[in-house]
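Letters A, B, ... mirror the listed sequences (proteins, then strands); counts begin at 1.
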Amino acid sequence: MSSTEEKYPNNFIRNIIEQDVADGKNEGAVMTRFPPEPNGYLHIGHAKAICLSFGMAEEFGGETNLRFDDTNPLKESVEYVNAIKRDIEWLGFKWKEERYASDYFPQLYEFAEQLIKDGKAYVDSLTADEIREYRGTLTEPGKNSPHRDRSIDENMDLFRRMKAGEFADGEHILRLKIDMASPNMNMRDPAIYRIRHVEHHQTGNEWCIYPMYDYTHCLSDSLEGITHSLCDLSFEAHRPLYDWVLDELAMNCHPQQIEFSRLNLQFTVMSKRKLRQLVEEGIIDGWDDPRLPTISGLRRRGYTPAAIRDFCRRIGVTKSDNNVELALLQSVIREDLEDSAPRVMGVLKPLKLVIENFPEGEKVALDVANHPKDETMGTRSLNFTREVYIDREDFREEANKKYKRLVLGSEVRLRYGFVIKAEEVIKDASGEIAEVRCSYDPDTLGKNPEGRKVRGVIHWVSAEEGLPAEIRVYEPLFTVDFPDADERDYHELINPESLEVHHGIVEPSLKDATLEQRFQFEREGYFCADSKDSSPDNLVFNRVVGLRDTWAKIEKAGGA
RNA sequence: UGGGGUGUCGCCAAGUUGGUAAGGCAACGGGUUUUGAUCCCGUCAUUGCGCAGGUUCGAGUCCUGCCACCCCAGCCA
């Protein structure tokens, strides 16, 4: 990430930090943090936040802590902690320290007692429903709880007994004493400690009271010496509370919270709740299903860390609502793989060709470049044989001039090999084309036939040497561009054709494809060996993204 | 009807003190090409920056008033 090419274009947060550094604020230091709650997997929206927080710190010579915001043991687990760490590392970021909000539980407790002593916090004994009623509405002020004026001693006694486990869940709660009439709902005496007799994944059974986000986050930031605390816009209205807590406790480190709008990507859902639902209902193959916008899903699909980082740079950072098109995500991975993926040939929908005038059993070894522009990627040898497979899309019994592939009675070149001509179509009982009988021109290897023009070039795989492979082609999981905005139940919006499985044939060199290795299947797209299911005896490839397809446009426009 | 935000090309987005609308994606032309890929060239907000007024020699940038959309009423984060 240190390369200048990966620097962010100008954005308002960078401008703020730049100014702060220039002004000598915090002695010119920049310290950020990424604070995920371990209650789900990270997705592309988190990647935006990660790239920003880590990126800004790095750009200004600072560092970033990874801090698990683990204040709600009911929803969290170490499985998520581990998945999150794995994803961040894979993305290419190194945190300075791994922290947990739970590391600060003892200090947080002391601060709470301090607040009680100062008359700035009190124990409330209303039920959750009552508290809601007392809170008022957006347009009406709330009412003070009848317990709001308990004495400091009584509050302290009650709070200590809460900690000691003398009360059941929900019996009491610690609230900040701010202003029940505030137009900002978050300032109407927010709850900061609740009783929860549950085991915590980090602290075990040490605590039965747990601090809440608003109280915990600002103090954790302060304790870690964070200078710029970047978060999404939903916390904007919480900033006064963030500042209130730090001010009332007179913390000497007061980080600046800056909010930016979160990423909305077309044709997918981003909320952890919905993603979890998809996983739990078995609609997809786990958190790393290649159709998901999770980091693990994108990784399994074949996206590279560099492409995801590039995407995060290109979408920018603002406070405005955004609807990023899928085309941008596809564009960054194509750009990356265009240079880095070795080329191979693979056929998704095999159609057998028999080249009748090519001697049976004979092989012609072809020396083939692994990349058309990068010689350092070397070459490999491919055998041309009498029987080959091409894709069914590449053959038509009849077609107009715009169709640059194999047509009955005319010629086409088999990439890197000979020019062939389709002579006869053999059909099975149902009328389906079973194979195509062809002839080849032996004098066309590495040169064009004289006086004739071939329609084009198509890819192929030797029938004798090709390997069977399962090839998974993905389309968006949803049929509408913004499933979150749709009133219909999301089940109705699921694309039934989001996964298409092909039983294809790939060239023999793919036998040794390593997991997660990416290739360009010429004329088809970029593919990645599936990290879960692929093995030398059972090859499975995921299509990362297709090649840009000009032909599809022509076809759609009625050109052929 | 309270509070907090946001509105610049189809999408994303630059636009530091007002000075005469970057860039990327997409799209559309054309060239190269044994990948209809890549690459290259060109077009793509002609008083237009949510709308309406105002200040100014001059406003996307300042002022006023509207409009639209988003967020907030968890003992979630």
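What separates CG of Asp391(A) from P of G36(B) is a distance of 13 Å, to the nearest Å. Between Leu382(A) atom CG and U34(B) atom C1' the separation is 14 Å, expressed in whole Å. Regarding Arg309(A), its CZ atom lies at a distance of 19 Å from the C1' atom of G24(B), rounded to whole Å. Look at CG on Leu328(A): it is 13 Å from P on A27(B), rounded to the nearest Å. Rounded to an integer number of Å, the gap from Asp549(A) CG to U35(B) P is 15 Å. A straight line from CZ of Arg175(A) to C1' of G74(B) spans 12 Å, rounded to a whole angstrom. For the pair Asn323(A) CG and C11(B) C1', the computed distance is 8 Å after rounding to whole Å. Spacing between atom CG of Leu219(A) and atom P of A77(B) amounts to 14 Å, rounded to whole angstrom units.
A 3.5 Å limit on both hydrogen-bonding distances identifies C72(B) as the Watson-Crick or G-U partner of G2(B). Base pairing of C66(B) is made with G50(B), judged by Watson-Crick or G-U wobble geometry with both donor-acceptor distances under 3.5 Å. Pairing partner, U56(B): none, since no Watson-Crick or wobble contact has both distances short of 3.5 Å. Judged by Watson-Crick or G-U wobble contacts below 3.5 Å, the nucleotide A27(B) has U43(B) as its partner. If you check U20(B) for Watson-Crick or wobble pairing at under 3.5 angstrom, you find it has no partner at all.
Residue contacts for Arg239(A): at a heavy-atom cut-off of 4.0 Å it reaches no nucleic acid atom on any strand shown. Counting any heavy atom pair closer than 4.0 Å across all strands shown, Val454(A) reaches no nucleic acid atom. Residue Thr137(A) is classed as a base contact, given a heavy-atom separation below 4.0 Å to a base. Heavy atoms of Arg405(A) sit under 4.0 angstrom from at least one base atom. Counting non-hydrogen atoms under 4.0 angstrom, Met345(A) reaches nothing in the nucleic acid. Looking at heavy-atom distances under 4.0 Å, Ile173(A) makes contact with a base. Within 4.0 Å (heavy atoms only), Gln520(A) reaches at least one base atom of the nucleic acid. If you check every strand for non-hydrogen atoms under 4.0 Å, Gly525(A) touches nothing. Heavy atoms of Pro372(A) sit under 4.0 angstrom from at least one base atom. At the heavy-atom level, Leu74(A) lies nowhere under 4.0 Å from the strands shown. Among the heavy atoms of the strands, none lies under 4.0 Å from Lys48(A). Thr216(A) comes within 4.0 angstrom of no nucleic acid atom, judged by non-hydrogen atoms across all strands. Leu326(A) comes within 4.0 angstrom of nothing in the nucleic acid, heavy atoms only. Across all strands, Ser182(A) comes closer than 4.0 Å to no nucleic acid atom at all (heavy-atom distances).
Taking the six-membered ring where the residue is Trp, Phe384(A) and Tyr440(A) present tilted rings, their angle falling between 30° and 60°. In this structure, Phe521(A) and Phe519(A) have tilted ring planes: the angle between them lies in the 30° to 60° band.
Tyr403(A) has its side chain within reach of Trp551(A): a pair of non-hydrogen atoms, C-beta onward, lies under 4.5 Å apart.
A distance of about 29 Å separates the P atoms of G65(B) and A73(B), rounded to the whole Å. Comparing U43(B) with G10(B), their C1' atoms are spaced 16 Å from each other, to the whole Å. Between G19(B) and A77(B), the two P atoms lie 46 Å apart (nearest whole Å). The separation of A14(B) from G60(B), taken at their C1' atoms, amounts to 12 Å, rounded to a whole angstrom. Taking the C1' atoms as reference points, U33(B) lies 26 Å from G24(B), given to the whole Å. A gap of 41 Å separates the C1' atoms of U16(B) and G31(B), to the nearest Å. Taking the P atoms as reference points, C72(B) lies 44 Å from U56(B), given to the whole Å. Of the C1' atoms belonging to A26(B) and A52(B), the separation is 33 Å, rounded to the nearest Å.
Along RNA chain B, the nucleotide closest to Pro211(A) and the one closest to Lys319(A) are compared, and the more 5′ of them pairs with Lys319(A). Both Arg194(A) and His371(A) sit near RNA chain B, but only His371(A) has its closest nucleotide nearer the 5' end.
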| query | Under the side-chain hydrogen bond (donor to acceptor under 3.5 Å, both in side chains) criterion, do Asp232(A) and Ser234(A) qualify, and how do the steps go? | reply | CA-CA 6 Å; Asp232(A) 79 69; Ser234(A) 61; 2.6 Å; yes
| task | Decide side-chain hydrogen bond (donor to acceptor under 3.5 Å, both in side chains) for Tyr134(A) and Asp189(A); before the verdict, give the C-alpha distance in whole Å, the side-chain angles of both, and the deciding distance to 0.1 Å. | result | CA-CA 10 Å; Tyr134(A) 274 77; Asp189(A) 290 9; over 6 Å; no
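The Thr71(A) side chain lies nearest to A77(B) when the options are A77(B), G7(B), C12(B). Side chain of Lys373(A), nearest nucleotide from C25(B), G36(B), C39(B): C39(B). Each of C12(B), C75(B), G36(B) was ranked by its minimum atom distance to the side chain of Trp551(A); first place goes to G36(B). Side-chain proximity of Glu37(A) to the nucleotides C75(B), C76(B), G74(B) is greatest for C76(B). Taking only side-chain atoms of Arg413(A), from C-beta outward, the nucleotide of C25(B), U34(B), C28(B) with the closest atom is U34(B). Side-chain proximity of Ala327(A) to the nucleotides A73(B), A13(B), C25(B) is greatest for C25(B).
Checking the phosphate oxygens (OP1, OP2) of G36(B), a side-chain nitrogen or oxygen of Arg523(A) falls inside 4.0 Å. For the pair Arg135(A) and G74(B), the criterion of a side-chain N or O lying under 4.0 Å from OP1 or OP2 is met.
By the 4.0 Å N-to-carboxylate-O rule, Glu338(A) lies close enough to Arg343(A) to be salt-bridged with it. With respect to the salt-bridge test (charged N to carboxylate O, under 4.0 angstrom), the residues Arg523(A) and Asp391(A) do not qualify. Salt-bridge check for Arg314(A) with Glu335(A): passed, with a basic side-chain N closer than 4.0 Å to an acidic carboxylate O.
Side-chain atoms of Glu325(A) and base atoms of G10(B) include a donor and an acceptor less than 3.5 Å apart.
A distance below 6.0 Å separates the ring centres of Tyr193(A) and Tyr215(A). Taking the six-membered ring wherever Trp is involved, the centroid distance between the rings of Tyr213(A) and His217(A) falls below 6.0 Å.
Between Ser125(A) and Arg150(A), the side chains place a donor N or O and an acceptor N or O closer than 3.5 Å (distance only, hydrogens not considered).
Classification of G74(B) as syn follows from a glycosidic angle within 90° of 0.
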Output one line per pair: protein atom, nucleotide atom from nucleotides 15-22 of chain B, and distance, for all N/O pairs under 3.5 Å.
unit_1	atom_1	unit_2	atom_2	d
G15(B)	OP1	Asn10(A)	ND2	3.2

Atom pairs, N/O to N/O, protein against nucleotides 68-72 of chain B, distance under 3.5 Å?
unit_1	atom_1	unit_2	atom_2	d
C70(B)	O4'	Asp321(A)	OD2	3.3

